[in-house]
Protein chains: 2
Amino acid sequence: MKSVVLPPSLKTLLPAQLHELCIGAYYKKNDRLFLTGKMPESMFYVVAGEVTLERTGLQGEPVVLQRTRQGFVSEASLKVSKYHCDALAITDTNVIKIPIKVLADALDKDSEFASRWISMLNLEVRRLRLHCERLSMKSVRDRVLHLINTEGQDGNYAIGTGLKTLAGELAVTHEALYRTLAALEKSEEIERGDGFLMISKKPTDQTRTAGSTP
Amino acid sequence: MKSVVLPPSLKTLLPAQLHELCIGAYYKKNDRLFLTGKMPESMFYVVAGEVTLERTGLQGEPVVLQRTRQGFVSEASLKVSKYHCDALAITDTNVIKIPIKVLADALDKDSEFASRWISMLNLEVRRLRLHCERLSMKSVRDRVLHLINTEGQDGNYAIGTGLKTLAGELAVTHEALYRTLAALEKSEEIERGDGFLMISKKPTDQTRTAGSTP
DNA sequence: CGTACTTTTGAATCGCATCAAATCTGGTGG
DNA sequence: CCACCAGATTTGATGCGATTCAAAAGTACG
């Protein structure tokens, strides 16, 4: 029942003795992974699906704090005695659960592990800052170009789960994204292939005579 | 020359032997704190002002990776042999510089410190996720309400550096913010005071008869 | 071959950015 | 104390870009 195949990133991150303590779990859409006020017992790592953290606003409306498609749901709950929000599966979701007590102990005692954990958090911080910067841009065009420039390899960005999902990540409607991509392609600013987007290589300035760009 | 007053957050975070190694520094607008390709020697903590991390895009245009008004500029450079971006002071800025080698060593050897560092990163991750979620909202109204609900204490949010700065953080124009605040105040959804915004307390449902909310 | 989902295009509308300008504010110097 | 300036705050008018609603075309899958 307990045997799980860990994704490579988790396998290298976690010390060996923790591997066998990891438990796979499956949640159906609208299931709750944990509830506000409960004591954290596991760290959740989303393998597939989508989970949100939600709190109840002052007028009773739900406030989304976070949305995770891949990775840890609540690193921050590592040292907390009770949850301050609910975790909700908004699609069918697969996660890996790591016993939180053992994890915290390992972090205290195994400084190599702590170091890797810090690196993981550093990466997460960088990713999030890029994402914030992208979302601060007002036009879909700018967000798309920023995405390809920052998340892509050398101007080449692999579309993961489809354009509709991507639209959600860019916080725009899928219609707007489709139109913008079409426009960028027509103006030859990007090229589109099967599952990827690419910044068009401008002809080098050597080929132009001075002043051709007013 | 070296004596600096550390902000409380840094003082509690850093182990004592690091305190005296911290150096204050001042940068004028458009100064660079560090350059791409250089080896990181210090960790930068912004005390006042504003710093951006920038990379050069494929077409030579600057791409902003991060914007920091308060806190560490590049935790992620902790374990990296050279910078992958420039740090640019976009206003006159005060920072505290911490020698990076000593810092990294301390993190390896002092597990208490490592633990605090992890907590600090956890906090940062949470903050950033909230910020992303906020920027994903399409209307200024929603962003403002989300801000008060999540950053405020009990529905009460203290405006830090003025509304114009706040507008920048919400990634909207100051005009839009002013108008939205005025509208929210008129509709009695929020109250405004000197330096704070507050969610209006709705009359409790006790005062209503059942079914008043269809 | 039908069903569900993604991709695409069209048209109407709305919110925000933008540009402009007026008012208010605190601080400075005469 | 007043005149004056720089910056923040506010209100107005206009246009653009994205949302929204609608619908068609393409694609995967059983």
Side-chain angles (χ1 to χ4, degrees), chain A residues 28-29 48-50 64 69 90-93 131-148 157-187 189-198, chain B residues 28-29 48-50 64 67 69 90-93 132-148 157-187 189-198:
Chain A
K28 291 201 81 68
K29 182 174 173 174
E50 186 165 350
V64 175
R69 292 192 170 83
I90 65 170
T91 67
D92 292 7
T93 297
H131 199 203
C132 283
E133 204 58 43
R134 194 173 307 132
L135 293 176
S136 295
M137 299 178 169
K138 301 182 195 308
S139 73
V140 178
R141 183 178 178 278
D142 287 349
R143 291 191 193 178
V144 168
L145 292 177
H146 185 275
L147 178 81
I148 303 177
Y157 175 80
I159 304 169
T161 2
L163 291 181
K164 222 170 159 179
T165 306
L166 181 59
E169 281 164 12
L170 292 177
V172 299
T173 59
H174 61 275
E175 294 99 323
L177 178 60
Y178 287 128
R179 281 187 251 260
T180 301
L181 289 180
L184 282 171
E185 194 178 20
K186 191 160 56 169
S187 67
E189 294 179 87
I190 68 169
E191 289 163 36
R192 304 172 66 177
D194 188 39
F196 70 90
L197 303 174
M198 209 174 86
Chain B
K28 291 200 81 68
K29 183 173 171 174
E50 185 164 352
V64 176
R67 187 177 307 269
R69 285 186 232 281
I90 64 170
T91 68
D92 292 7
T93 297
C132 284
E133 203 58 43
R134 194 173 305 132
L135 293 176
S136 295
M137 300 179 168
K138 301 181 195 307
S139 74
V140 179
R141 182 179 178 279
D142 287 348
R143 291 191 192 177
V144 169
L145 293 177
H146 185 274
L147 178 81
I148 304 178
Y157 175 79
I159 303 169
T161 1
L163 291 181
K164 228 172 156 175
T165 306
L166 182 59
E169 281 163 13
L170 293 177
V172 299
T173 59
H174 60 276
E175 295 99 323
L177 178 59
Y178 287 129
R179 281 187 249 261
T180 301
L181 289 180
L184 282 171
E185 193 178 20
K186 191 160 57 166
S187 67
E189 294 178 87
I190 68 169
E191 289 164 38
R192 304 171 67 176
D194 188 37
F196 70 90
L197 303 174
M198 209 175 85

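Convention: sequence-line order gives letters A, B, ...; per-chain numbering from 1. These numbers were taken from a predicted model, which means no experiment stands behind them.
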Using atom [atom1] of [X] as one end and atom [atom2] of [N] as the other, report the distance to the nearest whole Å.
X	N	atom1	atom2	answer
L177(A)	dG17(D)	CG	P	17 Å
L163(B)	dC24(C)	CG	P	17 Å
H174(B)	dT18(C)	NE2	C1'	10 Å
E185(A)	dT7(C)	CD	P	14 Å
L184(A)	dG17(D)	CG	C1'	14 Å
D142(B)	dT19(D)	CG	P	13 Å
R141(B)	dG15(C)	CZ	P	11 Å
D194(A)	dG26(D)	CG	P	17 Å

Problem set entry | N-O pairing of K29(A) and D92(A) below 4.0 Å |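 Salt bridge absent between K29(A) and D92(A).
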For this session: Please tell me which of E175(B) and K138(A) maps to the more 5' nucleotide of DNA chain D, matching each residue to the nucleotide holding its nearest heavy atom.
Result: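 Of the two residues, E175(B) wins.
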Exercise. Using a cut-off of 4.0 Å on non-hydrogen atoms, how would the nucleic acid contact of T180(A) be classed: base, sugar-phosphate, or nothing?
Worked result: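 Counting heavy atoms under 4.0 Å across all strands, no contact is made by T180(A).
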Where the side chain of [X] is defined as all heavy atoms beyond and including C-beta, which of [options] is the nearest nucleotide?
X	options	result
K164(B)	dT9(C), dT19(D), dA8(D)	dA8(D)
A182(B)	dT10(D), dA17(C), dT11(D)	dT11(D)
R179(A)	dT18(C), dT10(D), dA11(C)	dA11(C)
Y178(B)	dC16(C), dT7(C), dT10(D)	dT10(D)
T173(A)	dT11(D), dC16(C), dT20(D)	dT20(D)

For this session: Answer yes or no: does a side-chain N or O of R192(A) lie under 4.0 Å from OP1 or OP2 of dT7(C)?
Result: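 Answer no for this pair, as no side-chain N or O of R192(A) is under 4.0 Å from OP1 or OP2.
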Exercise. Tell me, do M198(B) and R192(B) make a side-chain contact under 4.5 Å, heavy atoms counted?
Worked result: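 No - every pair of side-chain heavy atoms lies 4.5 Å or more apart.
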Exercise. Taking side chain as C-beta onward, heavy atoms only, is R134(B) less than 4.5 Å from D142(B)?
Worked result: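 Not in contact.
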Problem set entry | Gap separating the CG atom of L181(A) from the CD1 atom of I159(A), nearest 0.5 angstrom |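 Nearest 0.5 Å value for the CG-CD1 distance: 7.0 Å.
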